[in-house]
Amino acid sequence: MELMKALTEELPVESVYLGCRAVSIVLDPLTSNPLLQLHDGTLIKAKIVIGCDGVNSIISKFVGVNSPKLFSRCATRGFTYYEGAHSFGDKFRFYSSNDVTLGQLPVTDKLVYWFLTRVLTSKDLSDAKKDPTYITKASLEAIKGFPEEIVELVKNTEPKALYLTELRYRAPWDLVLAKFRKGTVVVAGDAMHAMCPFISQGGGASLEDAVVLARCLSEKLKQATEGGGNRLVEEALDEYVRERRMRVFWLSLQTYFIGLAQDNTSKVKKALGIAGLILVFGDQRSHTDYDCGRL
């Protein structure tokens, strides 16, 4: 919410409307401009649509991107507040045992963020995933044998600060083949390249999308005064897609291999994941050495 507030403060009043969900999109047969229908029945006639509507994006389906795949693990995220200062310092810590991994990152001297990944169960896909009692119980069951301070960290998390989600991703080979654009409609963020959070680059990649897309559009739209508006927009969107495609492919491939390496249901998959990481990603931090350019 704070991030959204900071971003919207830089925009003209009433240029952003929250709580709007797109349910369908078509191209006007006369103008070729996109027509968006919202959940409340509102119809928006747009010149450009940038779909940033998440992993289950309506816009990505419209442009022809394949549906995301369900990963074999789920993720729990939480924030734990300490009345007195916690004893974790300011370092990120990572714990792993059997099929469970837990990461812990202090935010302040009294607030700690943590995440936990474990094997996905059928109950995790039901309404139980919204029940804080179930989330806490399942998390504590998963971390039996972990250090006592970690167990207390999870146990003392406020119910309203707990989130359980299944992990979905777009297959790397889909990112190579997908068009990502139809007319003046394009996708970005998870709608374009949803990936599991193993290298923590989903949000960063989305910000890169924004920079590249803004740059491509601004350069082309300067020429729009000479006519050919839709054609120039389509050229800008194609340039954006070309620039982003291989970057998000390599990020997705790395997370895919890490996911396979964590899959204990198949020795073949696990071996393939480990081999892929060694052969293709010898430097596990190479993804951080990237510059998407300036606006």
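Keep in mind that what you see is a predicted model, and the values were worked out from it rather than measured.
Heavy atoms only, all atoms of each residue included: I50 and L217 are closest at CD1-CD1, 4.4 Å. Summarising the geometry of K69 relative to A171, their closest heavy-atom pair is CE-CB, 3.7 Å, with the distance given to 0.1 Å. Residues P197 and R77 come closest through the heavy atom pair CG-NH2, 4.0 Å. Listed here is the closest heavy atom pair of G78 and T157: CA-CG2, 4.2 Å. A pairwise comparison of heavy atoms in R244 and A205 identifies NH2-O, 3.2 Å as the closest pair. For the residue pair K91 and P106, the shortest heavy atom distance occurs at O-CD, 3.3 Å.
Side chain of R170 to main chain of V55: a donor-acceptor pair is present (N/O by atom type, distance under 3.5 Å, no hydrogens or angles). A donor-acceptor pair under 3.5 Å links the side-chain atoms of T255 to the main chain of S252, judged by distance alone. Distance alone, capped at 3.5 Å, places no donor-acceptor pair between the S60 side chain and the N56 backbone. Formation of a donor-acceptor pair under 3.5 Å by the R181 side chain with backbone atoms of G183 is found in this model. One N or O on the side chain of D53 and one on the backbone of I58 form a donor-acceptor pair closer than 3.5 Å. The backbone N or O of Y240 lies less than 3.5 Å from no partner atom in the side chain of R215, so there is not a single donor-acceptor pair.
From R285, atom CZ reaches atom CD of Q254 across 12.0 Å, with rounding to the nearest 0.5 Å. Between atom CE of residue M195 and atom CG of residue L175 there is a gap of 7.5 Å, rounded to the nearest 0.5 Å. Atom-to-atom distance recorded for L232:CG and L237:CG is 11.0 Å, nearest 0.5 angstrom. One finds the NZ atom of K269 at 7.0 Å from the OG atom of S72 (value rounded to the nearest 0.5 Å). For the atom pair CG of L120 and OG1 of T165, the computed distance is 10.0 Å after rounding to the nearest 0.5 Å. Going from atom NE2 of H86 over to atom OG1 of T80 covers 10.0 Å, rounded to the nearest 0.5 Å.
There is no path of hydrophobic side-chain contacts, each under 4.5 Å, that joins M246 to V212. V187 and L213 fall within the same hydrophobic cluster, where Ile, Leu, Val, Met, Phe, Trp and Tyr residues are linked whenever their side-chain heavy atoms come under 4.5 Å apart, directly or through other members. The cluster map of Ile, Leu, Val, Met, Phe, Trp and Tyr, joined by side-chain heavy atoms under 4.5 Å apart, puts L177 and V241 in different clusters. One hydrophobic cluster, built from ILVMFWY side chains closer than 4.5 Å, holds both V107 and F92. Hydrophobic clustering of Ile, Leu, Val, Met, Phe, Trp and Tyr side chains at less than 4.5 Å, counting indirect connections, keeps W250 apart from F180.
Contact annotation: the side chain of L27 never approaches that of T184 to less than 4.5 Å [non-hydrogen atoms, C-beta and beyond]. Side-chain contact check for I199 versus H287: some heavy-atom pair is nearer than 4.5 Å. Contact check for Q201 versus R247: side-chain heavy atoms found under the 4.5 Å cut-off. Side-chain contact between V186 and V63 is absent, with no heavy-atom pair separated by less than 4.5 Å. Within the 4.5 Å cutoff, the side chain of L251 has no heavy atoms near those of the H193 side chain.
The existence of a salt bridge linking K155 and E152 is confirmed by a sub-4.0 Å separation between a basic side-chain nitrogen and an acidic carboxylate oxygen. The pair K137-E141 does not count as a salt bridge, with every side-chain nitrogen at least 4.0 angstrom from each carboxylate oxygen. Taking the charged nitrogens against the carboxylate oxygens, K45 and D28 have no contact shorter than 4.0 Å, which rules out a salt bridge.
L153 forms part of a hydrophobic cluster together with Y82, F88, Y95, V100, L102, V112, W114, L116, Y134, I135, L140, I143, F146, I150, V151, V154, L162, L164, judged by ILVMFWY side-chain heavy-atom separations under 4.5 Å.
For E158, the CD atom is loosely surrounded, since the number of other residues' heavy atoms within 6.0 Å does not exceed 12. For D127, the CG atom is loosely surrounded, since the number of other residues' heavy atoms within 6.0 Å does not exceed 12. Annotation for N156: atom CG counts as buried by contact number, over 12 foreign heavy atoms lying within 6.0 Å. Within a 6.0 Å radius of CG in D289, no more than 12 heavy atoms belonging to other residues, nucleotides or ligands are found. More than 12 heavy atoms of other residues, nucleotides or ligands lie within 6.0 Å of NZ in K270, so this atom counts as buried by the packing criterion.
Taking the six-membered ring for Trp and thresholds of 30 and 60 degrees, F94 and F115 have ring planes inclined between 30 and 60 degrees apart. In this pair, F257 and F281 present their aromatic rings perpendicular. The plane angle is above 60°, beyond the 30 to 60° band.
Considering only residues two or more places apart in sequence or on other chains, K130 meets the side chain to side chain contact (heavy atoms under 4.5 Å, CB included) condition with none of them.
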Please test F198 against F71 for ring-ring contact (aromatic ring centres under 6.0 Å, His included), starting from the C-alpha separation and ending with a verdict. CA-CA 12 Å; F198 305 127; F71 190 55; 5.6 Å; yes

T31 vs N230, test: side-chain contact (heavy atoms from CB on, under 4.5 Å). Steps then yes/no. CA-CA 9 Å; T31 65; N230 271 19; over 6 Å; no

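Remark: of the listed residues K129, R118, R73, R118 is the sole one forming a side chain to side chain donor-acceptor pair (under 3.5 Å) with D124.
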